[in-house]
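Notes to accompany the following structure.
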Amino acid sequence: MRTTISVIKADIGSLAGHHVVHPDTMAAASKVLAEAKAQGILIDYYITHVGDDLQLIMTHTRGELDSKVHETAWNAFKKAAEVARDLGLYAAGQDLLSDSFSGNIRGLGPGVAEMDIEERISEPIAIFMADKTEPGAFNLPLYKMFADPFNTPGLVIDPTMHDGFKFEVLDVYEGEAVTLTAPQELYDLLALIGTPARYVIRRIYRNDDNLLAAVVAIERLNLIAGKYVGKDDPVTIVRLQHGLPALGEALEAFSFPHLVPGWMRGSHYGPLMPVSQRDARATRFDGPPRLIGLGFNVKNGKLVGPSDLFDDPAFDEARRLANVIADYMRRHGPFMPHRLEPTEMEYTTLPLIQEKLKPRFKKEADVYKTKESIYTKGKSTGETHD
């Protein structure tokens, strides 16, 4: 059976600041998806959240970029945003950059990760959802899952994985993509994805049969809107087992809370902290950046599960280390490397400050001329100036 898994997310407003999705907004979205299921548009769905992002997990047989499915998600977000406005929630409708649906939700603000697959006899998947960061945050974990034998020993000892995987990498600034094969082009791959703000892993395929293994939501809101309207908060769908990384190998990639851009006002680097669903709230400094993982089996389009993958003391050490890193980074205050580099700050609120101060900047040559003029005048009048 061919099944399409669509995960579409948006920040439609949250409680007490950029903190957590209100349950009433989730209920409003659920009504829309339930109606779509009754109409046969969807086979199944599951609604969740991470931080202030409402996450719609849907299955159907309509393929990727289907207008009906995307319109369903759009209507769910609109209804949820209406409830958010009625409740006076913060930033209601933030990620909805248009007033009307235009046949496809891409470019309208919400993040989209979709894969159309031929279901295997057993189809285990993991869906990873992050808050307070951007799509490139998944570059390092996906590299570990699908290309690093120290993380994924199956690349060495499992003959069905031994030929490796190929990575489709998108240049989000130029809108161009390149596909690189691992392990043959591993160094070329790392040369690109080591700059996650620009080069983002979009899809991963198995080398020997082109089986689609993973897909990432690659929308960057600042590049769509041309200004800072919130961080992109990406999701990724990863297929597991049977010649793909085992669940434990996929989770192992998140045992190191690596630094990602985002956090407060989308302007700071912080550790990506894997947490349980109950801890998927933005708190300290609007973070730290949070990650949840839900595990499902997909059978005839039905979602079996989920399992809360990071609700496990095995990840306590990763969370402890994330807090240590958070302490260290926060002590830098407004200084780099806690604050993002200048090219990334162009899409935050900092340019408003720079524009205000621009008339007060003077060229260095003009400053010296002014000092020389004061010195010359002082000499002629007998005045001295320190």
- Item | side-chain contact (heavy atoms from CB on, under 4.5 Å) involving I121 - partner list, sequence neighbours excluded | none

- Message: Side chains of T59 and D44: any donor to acceptor distance under 3.5 Å?
- Response: no

- Hey, what do you get for CG (N210) to OH (Y205), rounding to the nearest 0.5 Å? 8.0 Å

- Message: Are there over 12 heavy-atom neighbours, none belonging to F101, within less than 6.0 Å of that residue's CZ?
- Response: yes

- Item | E119 (side chain) donor-acceptor with G301 (main chain) under 3.5 angstrom | yes

- Inter-residue atom distance T61.OG1 - I41.CD1, 0.5 Å rounding: 11.0 Å

- Note on the structure: Rounding to 0.5 Å, atoms OG1 (T25) and CG (L54) come to a distance of 5.5 Å

- Item | Shared hydrophobic cluster, L294 / L291 (ILVMFWY, side-chain heavy atoms < 4.5 Å) | no

- Donor-acceptor under 3.5 Å (T72 side chain, K68 main chain): yes

- Determine the minimum heavy-atom distance between E249 and G154, stating which atoms define it. OE2-N, 3.1 Å

- If you draw a 6.0 Å radius around NE2 in H332, do more than 12 non-hydrogen atoms from other residues or ligands fall strictly inside? yes

- Message: Is there a continuous path of hydrophobic side-chain contacts, each under 4.5 Å between heavy atoms, that joins L142 to L240?
- Response: yes

- Apply side chain to side chain donor-acceptor pair (under 3.5 Å) to R330 and H338, showing your working. CA-CA 7 Å; R330 283 298 304 123; H338 184 28; 3.0 Å; yes

- Taking the side chain from T4 and the backbone from G63, do they hold a donor-acceptor pair closer than 3.5 Å? yes

- Would you give the length of the straight line joining atom CZ of R203 to atom OG1 of T236, rounded to the nearest 0.5 angstrom? 11.5 Å

- Message: Apply the hydrophobic cluster definition, ILVMFWY joined by side-chain contacts under 4.5 Å directly or through others, and give me every member besides L352.
- Response: none

- Do K144 and D148 sit within salt-bridge range, that is, some charged N less than 4.0 Å from a carboxylate O? no

- Query: Within a reach of under 6.0 Å around CZ of R2, are more than 12 heavy atoms found that belong to other residues, nucleotides or ligands?
  - Reply: yes

- Item | Check: F254 ring centre within less than 6.0 Å of F315 ring centre | no

- Check Y269 against R339 and note the closest heavy-atom contact, atom names and distance. CD1-O, 4.3 Å

- What do you reckon, are the aromatic ring centroids of H268 and F285 less than 6.0 Å apart? yes

- Task: Locate the shortest heavy-atom distance separating R284 from W263; write the atom from each residue and the value.
- Result: O-NE1, 3.1 Å

- Task: For the pair D95 (side chain) and D11 (backbone), establish whether a donor and an acceptor sit closer than 3.5 Å, ignoring hydrogens and angles.
- Result: yes

- Under 3.5 Å: donor-acceptor pair, side chain of H19, backbone of A282: yes

- Minimum heavy-atom distance F310-G293, with the two atoms named: CD1-N, 3.4 Å

- Please name all residues satisfying salt bridge (charged side-chain N to carboxylate O under 4.0 Å, His left out) with D188, sequence neighbours left out, ordered by chain then number. none

- Examine distances only and state if a side-chain atom of T133 and a backbone atom of G262 form a donor-acceptor pair shorter than 3.5 Å. no

- For R290 and V50, indicate whether the former's side chain and the latter's backbone hold a donor-acceptor pair under 3.5 Å. no

- Pairs touching residues 314-324 that satisfy side-chain hydrogen bond (donor to acceptor under 3.5 Å, both in side chains), sequence neighbours left out: D316-R319, E317-R320

- In terms of heavy-atom contacts, does CD of Q184 have more than 12 from other residues, nucleotides or ligands at under 6.0 Å? yes

- Message: Test your reading of the model: is there a side-chain donor-acceptor pair from R331 to the backbone of A326, 3.5 Å cut-off?
- Response: no

- Query: Going from CE on M345 to CG on L350, what distance comes out if it is rounded to the nearest 0.5 angstrom?
  - Reply: 4.5 Å

- Item | Flag, side chain of E123 to backbone of R120, donor-acceptor distance under 3.5 Å | yes

- Query: At their closest point, which heavy atom of M161 faces which heavy atom of L155, and how far apart are they?
  - Reply: O-CD2, 4.0 Å

- Following the transitive rule for hydrophobic clusters with a side-chain heavy-atom cut-off under 4.5 Å over Ile, Leu, Val, Met, Phe, Trp and Tyr, establish whether I218 and L65 coincide in one cluster. no

- Message: Looking at A280, is its backbone amide N or carbonyl O close enough to the side chain of D131 to form a donor-acceptor pair, meaning the two atoms are under 3.5 Å apart?
- Response: no

- Task: Tell me, please, which residues at least two apart from D163 pass salt bridge (charged side-chain N to carboxylate O under 4.0 Å, His left out).
- Result: none

- Note on the structure: D312 and L309 have their tightest heavy-atom pair at CB-O, 4.4 Å

- Query: Going through the distances and angles, do E64 and H70 end up as a side chain to side chain donor-acceptor pair (under 3.5 Å)?
  - Reply: CA-CA 9 Å; E64 297 178 22; H70 282 217; over 6 Å; no

- Among residues two or more places apart or on two chains, list those pairs meeting side-chain hydrogen bond (donor to acceptor under 3.5 Å, both in side chains) that have a residue in residues 293-308. S122-N297

- Item | Derivation and outcome, side chain to side chain contact (heavy atoms under 4.5 Å, CB included), residues L186 and Y143 | CA-CA 10 Å; L186 195 59; Y143 160 75; 3.6 Å; yes

- Message: Quick check for you: to the nearest 0.5 Å, what is the distance between Q94 atom CD and H18 atom NE2?
- Response: 5.0 Å

- Query: Taking C-beta and beyond as the side chain, do S6 and H60 meet within less than 4.5 Å on heavy atoms?
  - Reply: yes

- Message: Before you tell me yes or no, could you show the steps for Q55 and T48 under side chain to side chain donor-acceptor pair (under 3.5 Å), namely the whole-Å CA-CA distance, both residues' side-chain angles and the distance that decides it to 0.1 Å?
- Response: CA-CA 5 Å; Q55 308 275 351; T48 187; over 6 Å; no

- Message: Assigning hydrophobic clusters by single linkage (Ile, Leu, Val, Met, Phe, Trp, Tyr; side-chain heavy-atom cutoff under 4.5 Å), is M115 placed with L56?
- Response: no

- Item | same_hphob_cluster(V112, I47) at 4.5 Å side-chain heavy-atom cutoff | yes

